[in-house]
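The sequence lines fix the lettering, A, B, ..., with proteins before strands; numbering per chain opens at 1.
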Amino acid sequence: MLDDVIEKSEGQGLSDFLSFEVLKNRSDFLRAARGKRVHSTSFVLQGWNRHDESGPVRVGFTCSKKVGNAVARNRAKRRLREIARLGMPQYGKAGWVYVLIGRRSVTAITVFTSMQDELRAALAKLHP
RNA sequence: GCGGGGGGCUGGGCGGUCGCGGCAGUGAUGUCGAGGAAAGUCCGGACUCCCUGAAACAACGGUGCCGGGUAACACCCGGCGGGGGCAACCCCAGGGACAGCGCCACAGAGAACAGACUGCCGUGUAUAUUGCGGCACAGGUGAAACGGUGGGGUAAAAGCCCACCGCGGGACUGGCAACAGAACCGGCGACGGCAAGCCCCACCGGGAGCAAUGCCAAAUAGGGACCGCGUCGUGGUGUGUUUCACGCCCUGCAGGUCCGGGUUGGCAGCUAGAUCCGUGAAGCAAUUCACGGGCCAGAUGAAUGAUCGCACAGGGGGGCGUUUGCCCCCUGGACAAGAUCCGGCUUAUAGGCCCCCCGCGCGU
RNA sequence: UGGGAUGUAGCUCAAUGGUAGAGCAACAGUUUUUGGUACUGUAGGCUAUAGGUUCGAGUCCUAUCAUCCCAG
């Protein structure tokens, strides 16, 4: 199953990996927080439709102090970035802004393939 | 063999695939990429800016046995003193209580110019639950009671006298010093404790911090208020005060301070340094010196992740085997990640490895 | 990066270095037909942790932990 994902990713080529851009401004995060919200077991997904399909998919990552110390925060953020890299080009919609939020002592431990499934289910739930 | 003490090291390894940040390159690609504590931010510095400079004083803060090391330190090393332990060894802010103030609850007669509650002894009288005088031995309290033990002595006693111990001073000796030893002197109702209570003494300390600071670009405004009011002086101003020296301003579109308004971009600072590794020398050691070699993160919503395989410690279960051991399955890898940089301290840390020492038991 | 505050009963707070207390809450009893109110009593604390100074620390000193606040 994982090999499938990797194979597909390879087939799509390198440029598709960079097909989403990372949020860096606080205002973008606040705008996404006003949108819809889906709670999953290992993370929280927020989504907001810009109604402008020209740009790429935009994704942000948040791990506050509630997640734990610096090691736990960095690790959770890296794993969220990895599932977004593998899943967003396939399941994300252009013109949307997504924010993935880490959760304490869950995001860093959960099995990686099940996190990928959760992302796909959460995106399906988010899109109307 | 059992138990204990001290010190040091390591902090998972190798490889495949897909990715991340810096640098080089047109590109393919190559190369480098977290720690012993990077942590807490408890000390000390480098560096940059601000204050005109020097001295004295005051205030505030810190340090506090001695010697050495260091750029510096509250750190380190070696000693000394005190306390704990059979020992190896461990712990200690450890100057001053005749400069002054303050405190010492309860209990107890009395808690810090001493003095006498219950007592003991002598004596007078009205023979009593009394007066006068002497004593500080006994009682009990307390953390602490103004020397202890024994003997002499006395009406009863007391360093009143003697011996030993303690205490205070101490020539002199050893040591750079802290300190140690000590002839001799003092008869001791002298000299209690707390300075991590105030304080005294000695020494040290300007303030702010890389969001420091400098430059570029963009954008908004092109404004307002106050000081200064005069042609050179007892002017104003420049650290908390004083003195001395030295500046600056008083030049109306200038100067100084503040307010208002705008930006949240980029570059420098930004990683070659009290640097790391090795060898030799000096020193008990901390450490220093010489020579040779190496370059070892520079991000800024902030780079190390995902996954597979192999072997390696560790834990649990099962099977074989007298034991050492062998095989299979499952599990599973501590604490924790740079943010200007160094030197320390403190705290967290699974498992593993090495060295030295002490006590007890047994054997030779 | 720099600075500051707090930690005491379940909660909100007191306490000159000398027996840790008050209010609310909890529990039990009295009053009431019952509940509430009122009154009486009871229990509950390793004073955040670890050392030290002191005869004796909630208090003084040192280190640590946790929470909160402020400035750039």
> Is the shortest side-chain N to carboxylate O distance from A:R79 to A:E82 below 4.0 Å?
Replying inline: no
> Partner of B:U70 by Watson-Crick or G-U wobble geometry, both contacts under 3.5 Å, or none?
Replying inline: none
>> From CZ of A:F61 over to C1' of B:A306, roughly how many Å is that when rounded to an integer?
In response: 14 Å
> Where does RNA chain C form stems of at least three consecutive Watson-Crick or G-U wobble pairs, each pair having both distances below 3.5 Å?
Replying inline: C:1-7 with C:65-71, C:10-13 with C:21-24, C:26-30 with C:38-42, C:48-52 with C:60-64
>> For B:C267, give the paired nucleotide (Watson-Crick: N1-N3 plus N6-O4 or O6-N4; G-U: N1-O2 and O6-N3; both under 3.5 Å), or none.
In response: B:G214
With 3.5 Å as the limit, what N/O pairs link the protein to nucleotides 335-338 of chain B?
| from | atom 1 | to | atom 2 | distance (Å) |
| --- | --- | --- | --- | --- |
| B:A337 | OP2 | A:A70 | N | 3.4 |
| B:A337 | OP2 | A:V71 | N | 3.3 |
| B:A337 | N7 | A:N74 | ND2 | 3.4 |
| B:A337 | N6 | A:R78 | NH1 | 2.9 |
| B:A337 | N6 | A:R78 | NH2 | 2.8 |

> Which whole-number value in Å describes the distance from A:R81 CZ to B:A299 P?
Replying inline: 16 Å
>> As a test of the definition: with a 90° window around 0 for syn, would you call B:G159 syn or anti?
In response: syn
> In terms of base orientation, is B:C296 syn or anti, with the syn window spanning 90° either side of 0?
Replying inline: syn
> With nearest nucleotides of RNA chain B determined for A:E82 and A:K77 from heavy-atom distances, which residue corresponds to the more 5′ nucleotide?
Replying inline: A:K77
> Applying a 3.5 Å limit to both distances, which nucleotide forms a Watson-Crick or G-U wobble pair with B:G205?
Replying inline: B:C60
> Counting only Watson-Crick or G-U wobble pairs whose two distances fall under 3.5 Å, which nucleotide matches B:U123?
Replying inline: B:G131
> Across all strands shown, which nucleotide pairs with B:G298 by Watson-Crick or G-U wobble geometry, both distances under 3.5 Å?
Replying inline: none
>> Around atom NZ of A:K125, are there more than 12 heavy atoms from other residues, nucleotides or ligands closer than 6.0 Å?
In response: no
> Would B:A190 be called syn or anti, given that syn covers angles within 90° of 0?
Replying inline: syn
> Which nucleotide, in any strand shown, forms a Watson-Crick or G-U wobble pair with B:G262, with both distances under 3.5 Å?
Replying inline: none
> What is the base-pairing partner of B:A290, counting Watson-Crick and G-U wobble geometry with both distances under 3.5 Å?
Replying inline: B:U279
> Can you tell me the Watson-Crick or wobble partner of B:U17, both distances under 3.5 angstrom?
Replying inline: B:A306
If you restrict it to nitrogen or oxygen atoms, what contacts under 3.5 Å exist between nucleotides 330-333 of chain B and the protein, and what is each distance?
none

>> Between P on B:C20 and CG on A:L80, what's the gap in Å once rounded to a whole number?
In response: 17 Å
